[in-house]
Amino acid sequence: MKHIGSRRSQSQAESSDKPTAKSAENTNTVADERELLNRFKQEASKNQAFEQIVRKYRQRIYMHIRKMVIDHDDADDLTQEVFVKAWRNLDSFRQEAQLFTWLYRIASNECLNFLDKKRRRFLIPVYNVCKELTKKLETHGNFSGDEIQLKLQKALLRLPDKQRLVFNLRYYDELSYEEIAEITGTSKGALKASYHHAVKKIENYLTEN
Amino acid sequence: MKLQDIPKNDEIFSVPEGYFDALSDSIARRIRNDRHASTAKKPILKAVYRVAAAVTIAFAATAIAYRAVTPDYQSDASPLSVEEILFEQDISETELLDFYLAQTDENTDFTAEDEILFEFLDTDTEDLTD
């Protein structure tokens with residue numbers, strides 16, 4: 001098993017509206033994205049351009065989904081679905097938004113729909129989905145963080161799906177509120193409030209357990 | 001406990017070795033299947049449309065033919081006139097009167113009914129005097 005992602009310092013979770021290191025990195029890729037999209041629009045370089053898009057974003061998209069659905073197989077399936085949908089709709093993608101926020105948006109919708117369907121299929125209350133995901137976290141051997149990380153994940157699983165999504169985008173992916181607003185279609189003010197409440201709930205859980 | 005007290009680490013989920021290389025291939029395969037499925041669907045859809053059109057045309061043709069053959073629908077079938085009923089069908093005036101009275105609704109104005117009756121009686125009286 002190979003670990004993905006990188007260990008970073010803990011300074012990034014501040015709720016200020018300044019662009020974070022990762023979002024600055026995202027801005028640098030805008031020119032690359034345009035170039036890729038232009039190549040995608042030409043029939044001769046379409047496949048190659050899309051392959052590059054997949055290579056560029058597969059890990060980030062997968063990790064974003066994995067944090068939401070926990071299980072590797074589910075995350076794998078949803079990641080593939082995200083890129084298939086991107087392939088189908090990339091021609092109609094208007095370059096008003098960034099490509100990576102567009103992909104994140106598809107991925108986020110896939111995750112929320114997946115969790116909704118899970119809930120509806122088994123007609124079980126929110127608590128049980130949380131329980132099921134917590135069990136996956138503990139028993140499937142696919143979690144490789146330490147004890148405190150596990151505790152943090154358990155606290156996160158108690159949040160409503162959308163709030164967890166916003167927390168992950170801000171805390172782990174270090175996106176700016178503008179970028180998260182683009183992804184979720186929610187106002188910056190509401191996102192700040194949501195993140196703030198999520199942090200409070202998590203801290204309460206960590207203190208009590 | 002504060003969130004800042006927890007060292008941030010996103011190395012929390014592990015994936016199988018070589019997963020991301022395989023992921024690109026899986027995505028490419030899925031897209032190929034998707035394209036194949038969408039192109040395969042087109043002839044099927046065309047066939048469905050053709051069958052639907054054929055059924056509609058056949059139904060319309062049958063309906064037109066049925067209307068042309070069935071007497072009820074024939075436009076040249078004109079009803080018999082009152083004279084034809086009286087002189088060719090051998091119906092007596094009494095029978096005709098009974099028919100009119102039977103057809104007359106109870107709520108119909110009595111004057112209309114009386115007028116018919118008196119007209120009939122007048123002609124009868126004239127006949128007797130002759």
Side-chain angles (χ1 to χ4, degrees), chain A residues 1-14 47 50-51 54-55 58-59 61-63 66-67 70 72 75-77 79-84 86-88 137 141-146 148-153 155 168 171-174 198-200 202-209, chain B residues 1-69 73:
Chain A
M1 299 291 260
K2 180 188 156 198
H3 300 304
I4 55 166
S6 59
R7 189 181 287 272
R8 294 188 303 273
S9 69
Q10 61 176 84
S11 61
Q12 298 97 343
E14 78 278 14
N47 290 349
F50 191 75
E51 210 180 298
V54 170
R55 237 181 291 144
R58 63 190 175 189
Q59 197 160 319
I61 294 296
Y62 168 85
M63 276 311 294
R66 181 76 185 271
K67 282 187 212 109
I70 308 296
H72 165 73
D76 175 43
D77 191 47
T79 307
Q80 289 184 35
E81 192 56 35
V82 167
F83 283 104
V84 171
W87 167 269
R88 280 189 211 140
L137 205 61
N142 52 18
F143 186 79
S144 52
D146 54 20
I148 191 72
Q149 298 297 337
L150 182 65
K151 210 171 166 185
L152 174 61
Q153 283 303 311
N168 286 342
Y171 183 77
Y172 287 112
D173 294 296
E174 298 168 13
V199 171
K200 287 279 161 220
I202 291 163
E203 287 177 347
N204 284 343
Y205 178 86
L206 293 173
T207 310
E208 285 165 14
N209 292 275
Chain B
M1 192 178 201
K2 292 282 172 195
L3 190 63
Q4 291 100 304
D5 299 336
I6 300 172
K8 193 192 274 189
N9 179 11
D10 59 7
E11 289 179 11
I12 48 176
F13 293 105
S14 48
V15 291
E17 193 75 48
Y19 167 69
F20 287 110
D21 293 327
L23 177 64
S24 294
D25 294 339
S26 307
I27 292 166
R29 204 168 33 248
R30 209 151 149 173
I31 287 170
R32 264 198 306 275
N33 291 344
D34 187 62
R35 283 161 87 181
H36 180 72
S38 63
T39 48
K41 261 182 200 171
K42 281 177 188 169
I44 295 168
L45 277 177
K46 274 185 187 172
V48 169
Y49 289 139
R50 277 183 198 149
V51 170
V55 168
T56 312
I57 291 166
F59 183 76
T62 312
I64 291 164
Y66 179 76
R67 286 182 71 133
V69 171
Y73 290 115

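Order of the sequence lines sets the chain letters (A, B, ...), proteins ahead of strands, with each chain counted from 1.
With a 4.5 Å cut-off on non-hydrogen atoms, A:Asn168 does not touch chain B at all. Contact annotation for A:Phe50: only side-chain heavy atoms (C-beta onward) come within less than 4.5 Å of a heavy atom of chain B. Both the backbone and the side chain of A:Lys67 come within contact range of chain B, judged by heavy atoms closer than 4.5 Å. With a threshold of 4.5 angstrom between heavy atoms, A:Val54 approaches chain B through side-chain atoms but not through N, CA, C or O. There is no contact between A:Glu208 and chain B, counting heavy-atom distances below 4.5 Å.
Taking B:Asp21 as the reference, A:Arg58 meet the side chain to side chain contact (heavy atoms under 4.5 Å, CB included) condition, with sequence neighbours excluded.
With no hydrogens or angles considered, a side-chain donor-acceptor pair links A:Gln80 and A:Asp76 at under 3.5 Å.
Taking 4.5 Å as the limit, some side-chain heavy atom of A:Glu51 sits within range of a side-chain heavy atom of A:Arg55. By the 4.5 Å heavy-atom criterion applied to side chains, B:Asn33 and B:Arg30 are not counted as neighbours. Side-chain contact between A:Gln59 and B:Tyr19 is absent, with no heavy-atom pair separated by less than 4.5 Å.
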